[in-house]
Amino acid sequence: MRPPFYAQQPALATTGEPESGTPEWIDLPCHARIWEAAGQWIERRNEGGRLTIQGDFGVGKTFWLDEFARRFRGRRIRLLRASCHSAKGLDSESVIRQWAQEARAFIDLPRARMTPEETGRWLALAIKSMKTNGYRVITVVESSHLPEIDHLAIEETGLFFLRRKSFQGSLNQGLILAPWSNDELGEILSKLSPERVWPEAVVERLWTLTRGYCGKAMALASQMANLGLGQNSQEMSLEILESVMAWMNPGGIGLANPSQIEFNNRMTNLR
């Protein structure tokens with residue numbers, strides 16, 4: 001009997017059309033609570049307060065924030081983001097500096113170089129100006145921990161804290177952006193590549209190879225789709241997966257990023 005597979009699925013579960021050239025966010029049942037909390041948070045008349053969303057590396061916190069900005073763009077939101085990919089997290093000076101760089105997209109800096117004190121004062125004025133013009137300013141910190149930020153600028157803004165933290169055995173962690181399950185990976189692949197068929201065995205192997213790491217799984221699946229396209233194959237197979245794995249670094253599954261010329265040459269050799 002033919003094993004089950006993830007065939008074509010309906011249109012993406014997003015609200016409205018995605019921006020041109022921007023990957024689409026796909027809603028899953030595990031996201032419902034977070035969207036409900038975000039909707040309630042944005043409805044508050046008091047624009048202050050903090051919303052913390054926790055999740056391990058690669059579960060899509062930054063991607064979720066992009067979708068939040070798109071869904072609520074009618075609220076005249078200005079997002080000022082600060083992020084850190086190190087486990088050490090951010091210090092307050094770095095946060096202020098990154099927020100100021102983000103604010104440059106809306107208000108010109110007076111000069112290229114400013115001291116930390118000057119940057120902080122300018123940021124406070126920039127936020128006040130945006131709020132005076134009717135915008136709702138939301139500051140964002142994506143890091144392993146939230147530093148103490150003693151700054152007047154954030155007192156009148158909402159704060160998103162996207163906390164990078166793996167599950168540690170406690171269920172009392174607030175809002176969790178959960179990693180995908182094996183079945184959810186299959187659903188996502190079928191929606192992102194509706195012209196492809198992803199057999200259950202292939203999805204299971206992808207999940208096992210990448211240890212459930214969402215970003216790695218998607219990167220590896222993308223390489224498979226590219227190779228399958230060259231072979232005019234609609235159904236992904238374990239053979240295609242093994243062909244891609246043959247030239248990828250096993251210690252960095254899903255993270256290989258060859259140049260376009262190198263990738264094209266490798267794909268030609270594998271066909």
* Is there a side-chain contact between Gln234 and Glu195, using heavy atoms and a 4.5 Å cut-off? -> no
* What residues, two or more places apart in sequence or in another chain, satisfy salt bridge (charged side-chain N to carboxylate O under 4.0 Å, His left out) together with Glu102? -> none
* Asked: Rounded to the nearest 0.5 Å, how far does OG1 of Thr119 lie from CZ of Arg97?
  -> 8.5 Å
* Spatial distance of atom CD (Glu36) from atom CG (Leu175) [nearest 0.5 Å] -> 9.5 Å
* Which atom names give the shortest non-hydrogen contact between Pro199 and Glu235, and what distance separates them? -> CG-OE2, 3.4 Å
* Taking side chain as C-beta onward, heavy atoms only, is Ile107 less than 4.5 Å from Met130? -> yes
* Asked: If you draw the axis of the six-membered ring of Trp41, does the NZ or CZ of Arg75 fall within 45° of it and under 6.0 Å from the ring centre?
  -> no
* Donor + acceptor pair across side chains of Glu148, Ser92 (<3.5 Å) -> no
* **Check ion pair Glu67-Arg70 (N to O, under 4.0 angstrom)** => yes
* **N/O donor-acceptor pair under 3.5 Å between Ser94 side chain and Asp91 backbone** => no
* With a 4.5 Å limit on heavy-atom distance, are the side chains of Arg205 and Leu209 in contact? -> yes
* Rounded to the nearest 0.5 Å, how far does CD of Glu200 lie from CH2 of Trp207? -> 14.0 Å
* Structure fact -> Closest non-hydrogen contact found for Leu206 with Ala217 is CD2-O, 4.2 Å
* Structure fact -> CZ of Arg78 to NZ of Lys131, rounded to nearest 0.5 Å, is 13.0 Å
* To do: Please name the pair of heavy atoms, one in Ala82 and one in Gln98, separated by the smallest distance, quoted to 0.1 Å.
  => CA-OE1, 3.3 Å
* Sub-4.5 Å side-chain heavy-atom contact between Thr52 and Leu146 -> no
* Asked: Taking all atoms of both residues into account, what is the closest heavy-atom pair of His145 and Phe161, and its distance?
  -> C-CZ, 3.5 Å
* Taking all non-hydrogen atoms of both residues, which atom of Phe68 and which atom of Ile138 are closest, and how far apart? -> CE2-CD1, 4.0 Å
* Asked: Between Thr139 (side chain) and Gly158 (backbone), is there a donor-acceptor pair under 3.5 Å?
  -> yes
* Student check: side-chain heavy atoms of Val202 and Leu238 closer than 4.5 Å -> yes
* To do: Tell me, with the steps shown, if Met245 and Leu241 meet side-chain contact (heavy atoms from CB on, under 4.5 Å).
  => CA-CA 6 Å; Met245 288 296 298; Leu241 175 56; 4.1 Å; yes
* To do: Kindly say whether Glu239 contributes a backbone atom to a donor-acceptor pair with the side chain of Ser243 at under 3.5 angstrom?
  => yes
* Asked: What residues, two or more places apart in sequence or in another chain, satisfy side chain to side chain contact (heavy atoms under 4.5 Å, CB included) together with Arg76?
  -> Tyr135
* Less than 4.5 Å apart, any side-chain heavy atom of Glu142 and any of Leu90? -> no
* To do: Output the distance between atom CD1 (Ile176) and atom CZ (Arg33), rounded to the nearest 0.5 Å.
  => 8.0 Å
* Donor-acceptor pair, side chain of Arg136 and main chain of Ile42, under 3.5 angstrom -> yes
* To do: Looking only at non-hydrogen atoms, find the nearest pair between Met114 and Trp122 and report the distance.
  => CE-CB, 4.1 Å
* If you count the non-hydrogen atoms of other residues, nucleotides and ligands that lie under 6.0 Å from CD in Glu93, is the total more than 12? -> no
* **Glu117/Arg121 ion pair, N-O < 4.0 Å** => no
* For the residue pair Val141 and Trp99, establish whether any side-chain heavy-atom pair is separated by less than 4.5 Å. => yes
* Asked: Can you tell which of Ile127, Leu159, Val95 makes a side chain to side chain contact (heavy atoms under 4.5 Å, CB included) with Leu80?
  -> Ile127
* Asked: In Å, rounded to the nearest 0.5 Å, how long is the span from CD of Gln40 to CG of Leu51?
  -> 10.0 Å
* With sequence neighbours excluded, residues passing salt bridge (charged side-chain N to carboxylate O under 4.0 Å, His left out) with Asp66 -> Arg81
* To do: Measure the acute angle between the ring planes of Phe72 and Trp35, then classify it against the limits of 30° and 60° as parallel, tilted or perpendicular.
  => tilted
* To do: Output, in order, the C-alpha distance, side-chain angles, deciding distance and verdict of side-chain contact (heavy atoms from CB on, under 4.5 Å) for Thr132 and Ser129.
  => CA-CA 5 Å; Thr132 299; Ser129 176; 5.6 Å; no
* Apply the test side-chain contact (heavy atoms from CB on, under 4.5 Å) to residues Ser190 and Arg196: give CA-CA distance (whole Å), side-chain angles for both, the deciding distance (0.1 Å), then the verdict. => CA-CA 7 Å; Ser190 68; Arg196 301 277 177 261; over 6 Å; no
* Asked: Hey, are the side chains of Ile53 and Trp64 touching, using non-hydrogen atoms and a 4.5 Å cut-off?
  -> yes
